[in-house]
Amino acid sequence: QVQLVESGGGTVQAGDSLSLSCGPSGRTDSVWTLGWFRQAPGKEREYVSAIKWKSGTTLYADSVEGRFTISRDNGENTVHLQMASLKPEDTAVYYCAVRTSPGTSVYPGLYDYWGQGAQVTVLS
């Protein structure tokens, strides 16, 4: 079992920055990938970014490439998602999730454990 606790989020103006954090606990030795997803009202959950747990390789969806940065603080076993140049279309509930099988994926169904979600609202 892996438990995920998210923090951060909030309401900002377009163009502002915001940061989310995700702190896995429990069987973190079983984690292969930690991903961030988001879900806007009436829409499906979509992939945002991911980091390979052991190598630190980072991956991004085209919609956030160049604006969002995912990083891992090894000392605190925490993953951060720094979001810059935010747009109203970035408004969603953001979830972190871990995959305990080898490889990465953009499909939410292939992740095994999920955080509780954090609201990000970007005003125009």
A.B. asks: Are side-chain heavy atoms of P24 and W53 found at a separation under 4.5 Å?
C.D. replies: yes

A.B. asks: Nearest heavy-atom pair of S17 and V12: which atoms, and what distance?
C.D. replies: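 Residues S17 and V12, closest heavy atoms: O-CG1, 4.1 Å.
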
A.B. asks: Going from CD1 on I51 to OG1 on T104, what distance comes out if it is rounded to the nearest 0.5 angstrom?
C.D. replies: 12.0 Å

A.B. asks: Do S49 and L81 touch side chain to side chain, with heavy atoms closer than 4.5 Å?
C.D. replies: yes

A.B. asks: Taking V48's backbone N and O only, do any of them form a donor-acceptor pair with S63's side chain (distance below 3.5 Å, no angle check)?
C.D. replies: no

A.B. asks: When rounded to the nearest 0.5 angstrom, what is the spacing between CD in Q3 and CD in Q116?
C.D. replies: 12.5 Å

A.B. asks: Nearest heavy-atom pair of S124 and A14: which atoms, and what distance?
C.D. replies: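 So the two residues come closest at CA-CB, 4.4 Å.
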
A.B. asks: Treating Y111 as the side-chain partner and W36 as the backbone partner, does any N or O pair qualify as donor plus acceptor under 3.5 Å?
C.D. replies: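 Looks like no, no N/O pair under 3.5 Å.
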
A.B. asks: Output yes when a side-chain donor or acceptor of R67 lies under 3.5 Å from a complementary backbone atom of S85, and no otherwise.
C.D. replies: yes

A.B. asks: Report the distance from atom NZ of K52 to atom OG1 of T58, rounding to the nearest 0.5 Å.
C.D. replies: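 K52 NZ to T58 OG1: 10.0 Å, rounded to 0.5 Å.
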
A.B. asks: Checking K54 against V31 for the side chain to side chain contact (heavy atoms under 4.5 Å, CB included) test, could you report, in this order, the C-alpha distance in whole Å, the side-chain angles of both residues, the deciding distance, and whether it holds?
C.D. replies: CA-CA 9 Å; K54 292 181 173 61; V31 175; over 6 Å; no

A.B. asks: Parallel, tilted or perpendicular for W114 and F37, by the 30°/60° rule?
C.D. replies: tilted

A.B. asks: side-chain contact (heavy atoms from CB on, under 4.5 Å) with T11: which of T121, L18, D16?
C.D. replies: T121

A.B. asks: Between S21 and H80, is there a donor-acceptor pair closer than 3.5 Å when you use the side chain of the first and the backbone of the second?
C.D. replies: no

A.B. asks: Between Y94 and R38, is the side chain to side chain donor-acceptor pair (under 3.5 Å) condition met? List the steps.
C.D. replies: CA-CA 4 Å; Y94 283 70; R38 65 187 181 187; 2.9 Å; yes

A.B. asks: Is M83 close to V120 at the side-chain level, that is, under 4.5 Å between some pair of heavy atoms?
C.D. replies: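 Answer yes - side chains close enough.
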
A.B. asks: Transitively linked via ILVMFWY side-chain contacts under 4.5 Å: V79 with V106?
C.D. replies: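 Cluster IDs for V79 and V106 differ.
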
A.B. asks: With the side chain counted from C-beta on, respond yes when V2 and S30 share a heavy-atom pair under 4.5 Å apart, and no when they do not.
C.D. replies: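 The answer is yes; the side chains approach within 4.5 Å.
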
A.B. asks: Say you draw a straight line from CG of D112 to CZ of R99; how long is it, rounded to the nearest 0.5 Å?
C.D. replies: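 If we round to the nearest 0.5 Å, D112:CG and R99:CZ are 7.5 Å apart.
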
A.B. asks: Could you give the distance from CG (L20) to CD1 (I70), rounded to the nearest 0.5 Å?
C.D. replies: 10.5 Å

A.B. asks: How close do A92 and A40 get, counting heavy atoms only, and between which atoms?
C.D. replies: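 Looks like CB-N, 3.8 Å.
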
A.B. asks: For the side chain of E6 and the backbone of G117, is there at least one donor-acceptor N/O pair under 3.5 Å apart?
C.D. replies: yes

A.B. asks: Same cluster or not: V98 versus Y95, using hydrophobic residues (I, L, V, M, F, W, Y) connected whenever any side-chain heavy atoms lie under 4.5 Å apart?
C.D. replies: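 The answer is no; the residues belong to distinct hydrophobic clusters.
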
A.B. asks: Please report the closest heavy-atom contact between Y47 and L59, naming both atoms and the distance.
C.D. replies: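 Reported closest heavy-atom pair: OH-CB, 3.2 Å.
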
A.B. asks: Working note: R72 + N77, criterion side chain to side chain contact (heavy atoms under 4.5 Å, CB included); need CA distance, chi angles, decisive distance, verdict.
C.D. replies: CA-CA 7 Å; R72 179 183 171 187; N77 214 35; 3.3 Å; yes

A.B. asks: Look up atom SG in C22 and atom CG in L34, then write down how far apart they are to the nearest 0.5 Å.
C.D. replies: 4.5 Å

